[in-house]
Amino acid sequence: MTVKSKTPTKGGASHAPARNDKGRSHSGGSRQGGNAVKDRPMPPREEPRPAVAPPPKEVIVDNAITVRDLAALMQRSPIDLIKILMQYGIMAPITHTLDHDTAVILGEELGVKVSWPAKVAETSTEAEATADATPQPPKQRTFIQATMAGQRADRMVERPPVVAVLGHVDHGKTTLLDRIRHTNVAAGEAGGITQRTGAYQVTVKGKKITFLDTPGHEAFTAMRARGAQVTDIVVLVVAADDGVMPQTKEAISHARAANVPIIVAINKIDKPNANPQRVMEELAKEGLQPEAWGGDTIMVELSALTNLGIDDLLDNILVLAEVEQYKADPKGDCVGTVIEGELDKFRGVTATLLVQNGTLHRGDTLVVGKTWGRIKAMFDYEGKPIKEAGPSTPTMVLGLQEVPMAGDVFERVENDRQARQIAEARRLAAAVPQPEARRAVTLEDFLKRFEGDETKTLNLIVRADMQGTLEPIIKSLNDLSNADVEIKILQASIGDISESDVMLAEASDAVIIGFSVGVDKAAAVRADQSGVEIRKYDIIYKMLEDIEDAMKGMLEPVYKEVVVGHATVLQLFKLRKGFVAGCMVNDGVVKRGGLARVLRGNEVIVTGARVETLRRFTEDVAEVRQGYECGINLSQGDELLKEGDVIEMSERVRVR
């Protein structure tokens with residue numbers, strides 16, 4: 001009988017069998033006992049498995065680290081970290097660069113302490129050591145911005161500027177875009193544009209400019225609201241014969257909210273009634289001071305119809321791009337934004353992508369929003385097959401699993417398995433309601449949202465019924481700004497609150513103030529869905545008081561009572577202390593602790609009472625709904641009850 005134990009016997013000799021080089025057991029003599037099978041090979045001895053090191057309890061993180069590297073330090077899957085970030089409303093890829101504070105929060109969620117390096121910890125100030133240790137949600141910045149910040153400075157090179165053309169309807173945006181596109185084709189391309197890609201490039205004096213063919217400022221802002229900061233420069237088209245119009249003002253507000261420079265194209269100067277000087281005066285009133293008047297806004301007079309001034313516009317775009325120095329790392333992490341996506345009946349899912357960093361190659365695996373895919377084919381804006389696309393280059397790709405949405409961001413990952421995991425995690429996270437990830441800001445939680453900033457900014461969008469009312473409102477609001485809190489009016493105009501206002505508020509974390517105006521139905525629906533706060537006033541001093549209180553952090557929420565149910569008294573039961581009313585709930589719901597008043601016909605018998613106890617048969621319950629009987633004991637006035645009285649239930653609802 002073979003003995004596996006190596007424990008020596010009483011005589012000191014070990015009976016452990018020797019093993020030859022093939023792993024078979026042999027004893028050098030005949031076997032004892034009849035239970036052994038002759039010449040049966042012995043199983044190889046099991047080597048002890050190396051102990052798996054437990055996940056670390058503490059990791060050292062500098063002021064920046066990617067999700068991938070942090071997951072490796074914590075010995076966790078990157079998917080675990082991505083899920084936590086999504087709970088905070090951040091759609092992050094594995095290449096997303098995290099700051100130290102965000103890494104600390106992720107560590108707390110996973111039970112791992114995140115510390116500074118020793119040299120940084122030694123130089124921490126006493127104020128930092130005594131600061132409030134309560135973790136704050138990670139800052140919501142686009143992961144493209146984070147990726148760009150994490151690239152190597154020595155590899156950053158100049159990239160083409162990305163330009164969006166905005167303006168009022170019929171002021172010549174489409175004609176201008178067509179003329180610019182045609183100019184490029186005439187320079188050396190035969191035929192024309194074979195397909196609409198949503199973005200295209202022109203070459204001017206050997207340098208490229210990327211134009212976005214967006215349908216207007218609403219699409220421009222909708223993409224920005226979804227986290228896509230795509231545009232570098234906005235060209236604002238204003239007709240010389242028409243001047244500044246409502247949509248012109250809206251476009252200016254949206255461009256300012258995006259914090260991008262504006263070049264004004266004063267179009268249609270070929271018309272007999274053109275008045276460029278009047279246009280400049282109107283734009284100056286909107287805060288766009290022309291360079292000719294000592295301001296900093298470039299204004300170009302042109303005619304898209306006759307091709308006059310087009311070259312000047314393109315030259316000025318290149319000059320501004322040279323001043324701003326737009327750069328990217330063509331060898332870095334590949335990220336970008338979806339300009340548009342569609343399902344082609346011949347080619348399947350197609351998507352126009354704008355590469356913003358890195359270089360995209362045919363065969364790369366991408367995660368795009370909540371979908372993914374491997375690029376099977378790439379085409380430039382003219383439909384010609386290409387193998388790669390660098391920074392600021394638009395390209396149409398085939399191979400995604402589903403049609404992405406405009407504004408979705410994409411990233412290149414290592415393989416299909418990783419892409420599938422990230423996309424699935426995002427789909428699961430999107431299916432779970434996450435009210436804490438709401439972007440909108442209200443006056444009540446204004447200071448909480450901006451806690452920790454040295455200077456706080458309250459963004460407002462103001463609508464009034466008349467120009468004579470709007471001007472004093474704007475002046476009064478601006479006067480409220482101080483060293484601690486700045487009031488920034490993104491847009492101020494006449495008329496009802498529109499859906500465009502709500503979209504701007506979504507993208508800019510703004511509160512909408514309406515003075516003696518209505519709210520469009522579409523705007524009300526969108527505001528309710530997105531959580532944008534709309535406050536309406538008829539008295540200026542009340543509006544100023546609310547905003548001033550919000551700036552001081554003392555604004556009290558407003559409540560109103562809403563009727564939620566009625567119950568009829570069927571019978572009264574005498575107790576040692578008071579009465580219990582046996583009731584039938586006629587409609588709605590009766591809740592324990594709810595506000596109640598007693599009605600007898602049109603007369604109010606009891607008011608200001610609460611439901612002290614609520615019973616179904618012999619059991620205490622929290623609520624009773626329509627069609628059921630219950631026993632109600634009121635906190636006051638129960639001795640005044642009579643059979644047939646109606647107990648009206650209400651609750652206080654916060655008014656937004």
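Below, each value reflects all heavy atoms present in this structure, side chains not excepted, and no hydrogens, waters or symmetry copies.
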Taking salt bridge (charged side-chain N to carboxylate O under 4.0 Å, His left out) as the test, write out the residues that go with Lys205, two or more places apart.
->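 Applying salt bridge (charged side-chain N to carboxylate O under 4.0 Å, His left out) to Lys205 gives Asp315.
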Around Glu158, counting heavy atoms of other residues, nucleotides and ligands shown, do more than 12 lie under 6.0 Å from its CD?
->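 No, the 6.0 Å shell around CD holds no more than 12 heavy atoms from other groups.
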Counting only heavy atoms not in Asp296, do more than 12 fall under 6.0 Å of its CG?
->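 Incorrect, the count does not exceed 12.
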Parallel, tilted or perpendicular: which fits the ring planes of Tyr200 and Tyr381, with parallel below 30° and perpendicular above 60°?
-> tilted
Under the side-chain contact (heavy atoms from CB on, under 4.5 Å) rule, what do Val204 and Ile317 come out as? Steps first, then yes or no, please.
-> CA-CA 10 Å; Val204 181; Ile317 291 174; over 6 Å; no
Pairwise side-chain contact, [X] with [Y], heavy-atom cut-off 4.5 Å (strictly under):
{"X": "Ile310", "Y": "Leu176", "result": "yes"}
{"X": "Ser253", "Y": "Leu504", "result": "yes"}
{"X": "Asn307", "Y": "Arg179", "result": "yes"}
{"X": "Met156", "Y": "Gln325", "result": "no"}
{"X": "Pro394", "Y": "Val162", "result": "no"}
{"X": "Glu286", "Y": "Thr248", "result": "no"}
{"X": "Val409", "Y": "Thr337", "result": "yes"}
{"X": "Tyr326", "Y": "Ile233", "result": "yes"}

What do the steps show when you test Gln491 against Asp501 for side-chain contact (heavy atoms from CB on, under 4.5 Å), and what is the final call?
-> CA-CA 8 Å; Gln491 180 172 299; Asp501 297 328; 2.9 Å; yes
If I take atom [atom1] from residue [X] and atom [atom2] from residue [Y], how far apart are they, to the nearest 0.5 angstrom?
{"X": "Ile512", "Y": "Ile497", "atom1": "CD1", "atom2": "CD1", "value": "6.0 Å"}
{"X": "Thr297", "Y": "Leu236", "atom1": "OG1", "atom2": "CG", "value": "10.0 Å"}
{"X": "Thr231", "Y": "Asn259", "atom1": "OG1", "atom2": "CG", "value": "12.5 Å"}
{"X": "Phe379", "Y": "Thr352", "atom1": "CZ", "atom2": "OG1", "value": "11.5 Å"}
{"X": "Ile489", "Y": "Leu477", "atom1": "CD1", "atom2": "CG", "value": "5.0 Å"}
{"X": "Lys521", "Y": "Asp496", "atom1": "NZ", "atom2": "CG", "value": "15.0 Å"}

Criterion side-chain contact (heavy atoms from CB on, under 4.5 Å) on Ile252 and Leu283, from CA distance to verdict | CA-CA 10 Å; Ile252 293 171; Leu283 289 170; 4.2 Å; yes
Any donor-acceptor N/O pair, [X] side chain to [Y] backbone, under 3.5 Å:
{"X": "Arg426", "Y": "Gly369", "result": "yes"}
{"X": "Glu282", "Y": "Val244", "result": "yes"}
{"X": "Arg412", "Y": "Leu366", "result": "no"}
{"X": "Ser481", "Y": "Ile487", "result": "yes"}
{"X": "Asp520", "Y": "Ala522", "result": "no"}
{"X": "Asp528", "Y": "Ala524", "result": "no"}
{"X": "Asn459", "Y": "Ala510", "result": "no"}
{"X": "Thr371", "Y": "Glu402", "result": "yes"}
{"X": "Asn357", "Y": "Asp329", "result": "yes"}

Does a salt bridge link [X] with [Y], judged by any charged N lying under 4.0 Å from a carboxylate O?
{"X": "Glu281", "Y": "Lys285", "value": "no"}
{"X": "Arg159", "Y": "Asp232", "value": "yes"}
{"X": "Glu533", "Y": "Arg535", "value": "yes"}

What heavy-atom pair brings [X] and [Y] nearest, and what distance separates the two atoms?
{"X": "Ile386", "Y": "Ala389", "value": "CD1-CB, 4.5 Å"}
{"X": "Gly518", "Y": "Lys536", "value": "CA-NZ, 4.4 Å"}
{"X": "Val403", "Y": "Gly341", "value": "CG1-C, 3.6 Å"}
{"X": "Arg155", "Y": "Pro330", "value": "O-CD, 3.7 Å"}
{"X": "Ala255", "Y": "Ile262", "value": "CB-CD1, 3.8 Å"}

Could you walk me through whether Ile473 and Tyr537 pass the side-chain contact (heavy atoms from CB on, under 4.5 Å) check?
-> CA-CA 11 Å; Ile473 288 176; Tyr537 297 92; over 6 Å; no
Residues two or more places apart in sequence or in another chain: which of them pass side-chain hydrogen bond (donor to acceptor under 3.5 Å, both in side chains) with Asn478?
->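 For Asn478, no residue satisfies side-chain hydrogen bond (donor to acceptor under 3.5 Å, both in side chains) once neighbours in sequence are set aside.
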Assess the side chains of Gln201 and Thr210: does a donor N or O sit below 3.5 Å from an acceptor N or O?
->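 Per modelled atom types, Gln201 and Thr210 side chains form a pair under 3.5 Å.
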